[in-house]
Amino acid sequence: MSDKSFYEQVYALVRRIPRGTVTSYGRVAHMLGRPNAARAVGYALSALKDEHADRRGEVPWHRVINSQGRVSIQNREYSAQEQARLLRAEGVMVSDDLRVNLDRFLWDGLHWVEIDDILREK
DNA sequence: ACAGTGACAACAT
DNA sequence: TATGTTGCCACTG
């Protein structure tokens, strides 16, 4: 299948999320063929602020929120506001209580053909 | 090998 | 809506 690490797969997929749209950790996990790895997706993205900080600029991590349509960096006020700021900057409406209307901004996602591509090449 | 850790999610109250 | 609980997972000492 793939020799690409889960982190790499997550980053590759997140890079495909169109500007002005959002998706959830669970959807990302599902698209990667791991319907129950939502938590691990969040873990992978959190790594962007330390060991994988070098990739932070190329991965639109702010476009991934929780399944309830809410920016979920609750315990880190700074990051939560930063994420909301980045989203608003590209047209995504984020309420004061950090919520996004998924009916309007949810990304459709990719089809299996494209996913297959992501799981392999760099 | 193994227990601990989170930017999750579904479900019950 | 707002908690709490429980199941899950990749990754880390």
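Everything quoted here is computed from the prediction, not taken from an experiment. Lettering of chains follows the sequences in order, A, B, ..., and the numbering in each one begins at 1.
Summarising the geometry, the separation between CG on Leu32(A) and C1' on dC8(B) is reported as 14 Å, rounded to the nearest angstrom. Rounded to whole Å, atom P of dA7(B) lies 17 Å from atom CG of Leu86(A). If you measure from atom CZ of Arg27(A) to atom C1' of dA10(B), you get 14 Å, rounded to the nearest angstrom. Rounded to an integer number of Å, the gap from Leu45(A) CG to dT5(B) C1' is 16 Å. In this structure, the CZ atom of Arg39(A) is 14 Å from the P atom of dT5(C), given to the nearest Å. Taking atom CD of Gln68(A) as the reference point, atom C1' of dT3(C) lies 13 Å away to the nearest angstrom. For the pair Met31(A) CE and dC8(B) C1', the computed distance is 14 Å after rounding to whole Å. In this structure, Asn36(A) places its CG atom 5 Å from P of dC9(C), rounding to the nearest Å.
Heavy-atom nearest nucleotides on DNA chain B were determined for Ala40(A) and for Gly26(A), and the one closer to the 5' end corresponds to Ala40(A).
With sequence neighbours excluded, the residues forming a side-chain contact (heavy atoms from CB on, under 4.5 Å) with Ala84(A) are Arg88(A), Val94(A), Leu98(A), listed by chain and number. Every side-chain contact (heavy atoms from CB on, under 4.5 Å) that His30(A) has, sequence neighbours left out, goes to Pro35(A).
You won't find any donor-acceptor pair under 3.5 Å spanning the side chain of Tyr43(A) and the base of dA10(C), going by distance alone.
Contact between the side-chain N/O atoms of Arg34(A) and the OP1/OP2 oxygens of dA10(C) is found at a separation under 4.0 Å. Note on Ser24(A): a side-chain N or O is less than 4.0 Å away from OP1 or OP2 of dA9(B). In terms of phosphate contacts, Arg99(A) brings a side-chain nitrogen or oxygen within less than 4.0 Å of OP1 or OP2 of dT1(C). Residue Ser67(A) has a polar side-chain atom (N or O) positioned under 4.0 Å from OP1 or OP2 of dA9(B).
Here the closest heavy-atom approach between residue Leu106(A) and residue Thr23(A) is recorded as CD1-CA, 3.9 Å.
Minimum atom distance to the side chain of Ala38(A) is reached by dC8(B), of the listed dA7(B), dA10(C), dC8(B). Of the candidates dC11(C), dC9(C), dC8(B), the closest approach to any side-chain atom of Tyr25(A) belongs to dC8(B).
With hydrogens and angles ignored, the 3.5 Å screen pairs a side-chain donor or acceptor of Tyr11(A) with a backbone N or O of Ala44(A).
Using modelled atom types, one finds a donor on one side chain and an acceptor on the other under 3.5 Å when comparing Glu90(A) with His62(A).
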